[in-house]
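See structure below.
Only this structure's heavy atoms are used, side chains among them; waters, hydrogens and symmetry mates stay out.
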Protein chains: 2
Amino acid sequence: MAKHEKISEAVVRRLPIYLRYLSYLQQVNVTTVSSQQMGMNLDVNPAQIRKDLAAFGDFGKKGIGYDVNYLVENIRQILKLTEEVRVVLVGAGHLGHAISNYNAYMKDNMRIAAIFDSDPQKWGKEVAGLQIQPMEEMAETIQAKNIKLAIMTIPATAAQTVCDQLIQAGIKGILNFAPTTIRVPKDVRVHYADVTSNLQSLAYYLT
Amino acid sequence: MAKHEKISEAVVRRLPIYLRYLSYLQQVNVTTVSSQQMGMNLDVNPAQIRKDLAAFGDFGKKGIGYDVNYLVENIRQILKLTEEVRVVLVGAGHLGHAISNYNAYMKDNMRIAAIFDSDPQKWGKEVAGLQIQPMEEMAETIQAKNIKLAIMTIPATAAQTVCDQLIQAGIKGILNFAPTTIRVPKDVRVHYADVTSNLQSLAYYLT
DNA sequence: TAGATTGTTAATCGATTAACAATC
DNA sequence: TAGATTGTTAATCGATTAACAATC
C-alpha cells in the first residue's frame, strides 16, 4: 500500500466513516460496493472516496467496485486498529461514566483500559469493570499498560495540567471534552469534542 | 457589521473558541487584546483571527487591538446568542444524562428545554429539572417552545427516524452523537460528535 | 513622533470535484 | 462485446498565511 503522499487530516477523518458503513455492509452480507453507492449513503462525493482510498493502495477493481471485506481489512490496518488500542480516561464525572459505559469501541478493537479521577471519594469505585484510580497512579499505569491515547472529561481549569501529565507519561493523542484549548508539543494530536462550542457554531446558522 | 461575504464553516467553528477565550479575559479583567495574543493562546494564526473578525465588521483599533467587552458582545450577536437558545435532547441514556446535567451552556444563553426518550420506564423521571417525555410529544413540544436545535444521544438504528421527526417538527440544527451518518434537507445542519470515529482518527497518528 | 496593530490584498497552500482513459 | 467503475490528472474552489499601507 502506502504511496507516501502526505495524507490530509480531512482524509483521516473520513476513514472511520467509511469503515463504519463498510462494517454495516458486512453485517447485511453485501460483498461489493461502488464509490457511488458509498457516496450516496455517506453524503461524500464519489471521486473524493476513490481519491481517499487510492492514496493508500489500489483497493478497487475497475468496472466492479470494492470488495467490502478486503476494504474493511485495509482501512482497519491504516487506522492501526488491527491490534487492541488501549485508551485512558481522565475524569469520572457524568460524561466520563457515560463514555466508559458506552463500550461500542470494543468491537472496533478500542478499549478503555484505566480510569482516573482526582476525587478521593471516587477511588476504588467500579466503572465499566474498572476501578477508578487516583491521579497519582496515572503515569505509572500509562507506562505499564503502554497506553497512547487519552480521553479528558475534566473541568477546563484542570485541563492543561492533566494534559501535561499525560504527555509526560507518553500519551500521543488526546480527545479533549474540556471546554478549553490546550497547548501540546508537535508530536501530540488533540481532537476537540467540547459540546458547548459545537452547539454554539450550530446556532450561527439559525434563520 | 455584516459585510455580506460568504462566511465559511471554518470561521464559524472558530468563533465560539474566540468567544470562550474572550469571556475568560473578561473574568480576569483584561480589557484589551491583540490578535497576536489571542493567536498565541488559541493556537490560531493572528492574521486568521483578524480576517475572521473583519468579515463581520471593524471591531479593532489600529495600533491598539480589540476591546474585549465590545468583541464579546459582537461575537454573541453573530452567533445569535443574545437571546436564549433552547435545545431539545433526544435519548436519556448515560450520555444524554451527562449532557443535560453539564449545564455550562446556561451561561452562554443556551438551555436544554425538553428531554425525550422512547422507553416508557423513563417517562416522568426528572433529569436536570426536566421530566423525560415520550417521543410522541416531541413535535408538539418543539413547536410550542419554538425550539430550533436538537442533540441526539440515541442508538444508530433510531437516528434517521428520529432525525426525520425532528426536522418535521421544525428543527434546523442537529448535534448528532449517534454513530451514523444521517440524511437531511439542505436547510438543516448536522454536526457530528460520535466518540468512536473521533478516537479512530486519532489512532491513525500513532507511531 | 515612534511603536504597535489593524484591515486587506496578494500569494500560497490545500482540498474538492469533474472528466476520462484504462480495464474489469 | 457493452456497460460499469476505478485510479488519476487537470480544473476548480476555498482556506490560510505573509506582507504592508493605514492609522491609532
Kindly write out the residues that satisfy side chain to side chain donor-acceptor pair (under 3.5 Å) with B:Gln48, not counting sequence neighbours, or none if the list is empty.
B:Arg14
Looking at residues at least two apart in the chain, or sitting in another chain, which of them share a side chain to side chain donor-acceptor pair (under 3.5 Å) with A:Asp164?
A:Gln160
How does protein reach along nucleotides 14-24 of chain C, written 5' to 3' as B (base within reach of a heavy atom under 4.0 Å), S (only sugar-phosphate), or - (no contact)?
-SSBBB--BBB
Does B:Ser35 place a side-chain N or O at less than 4.0 Å from the phosphate oxygens OP1/OP2 of C:dT6?
yes
Would you say a side-chain N or O of A:Tyr66 is under 4.0 Å from OP1 or OP2 of D:dG7?
yes
Residues two or more places apart in sequence or in another chain: which of them pass salt bridge (Lys or Arg N to Asp or Glu O under 4.0 Å) with [X]?
{"X": "B:Asp119", "answer": "none"}
{"X": "A:Lys172", "answer": "A:Asp187"}
{"X": "A:Glu84", "answer": "A:Arg86, A:Arg111"}

If I take atom [atom1] in residue [X] and atom [atom2] in nucleotide [N], what distance separates them, rounded to the nearest angstrom?
{"X": "A:Leu71", "N": "D:dT6", "atom1": "CG", "atom2": "P", "result": "11 Å"}
{"X": "A:Phe56", "N": "D:dG7", "atom1": "CZ", "atom2": "C1'", "result": "15 Å"}
{"X": "B:Asp67", "N": "C:dT5", "atom1": "CG", "atom2": "C1'", "result": "15 Å"}
{"X": "A:Met40", "N": "D:dA4", "atom1": "CE", "atom2": "P", "result": "16 Å"}
{"X": "B:Gln36", "N": "C:dG3", "atom1": "CD", "atom2": "P", "result": "17 Å"}
{"X": "B:Ile49", "N": "C:dG7", "atom1": "CD1", "atom2": "C1'", "result": "14 Å"}

Does anything in residues 196-205 of chain B form a salt bridge (Lys or Arg N to Asp or Glu O under 4.0 Å)? List the pairs, not counting sequence neighbours.
none
Pairing of DNA chain D as dot-bracket, 5' to 3': ( ) intra-strand, [ ] crossing, | other strand, . unpaired, with Watson-Crick or G-U pairs under 3.5 Å?
..||||||||||||||||||||||
Below 4.0 angstrom, N of the basic side chain to O of the carboxylate: do A:Glu9 and A:Arg189 qualify?
yes
Which side-chain N or O atoms in residues 200-207 of chain B pair as donor and acceptor under 3.5 Å with protein atoms at least two apart or in another chain?
| unit_1 | atom_1 | unit_2 | atom_2 | d |
| --- | --- | --- | --- | --- |
| B:Ser201 | OG | B:Ser197 | O | 3.3 |
| B:Ser201 | OG | B:Asn198 | O | 3.1 |

Is atom NE2 of B:His94 surrounded by more than 12 heavy atoms (other residues, nucleotides or ligands) closer than 6.0 Å?
no
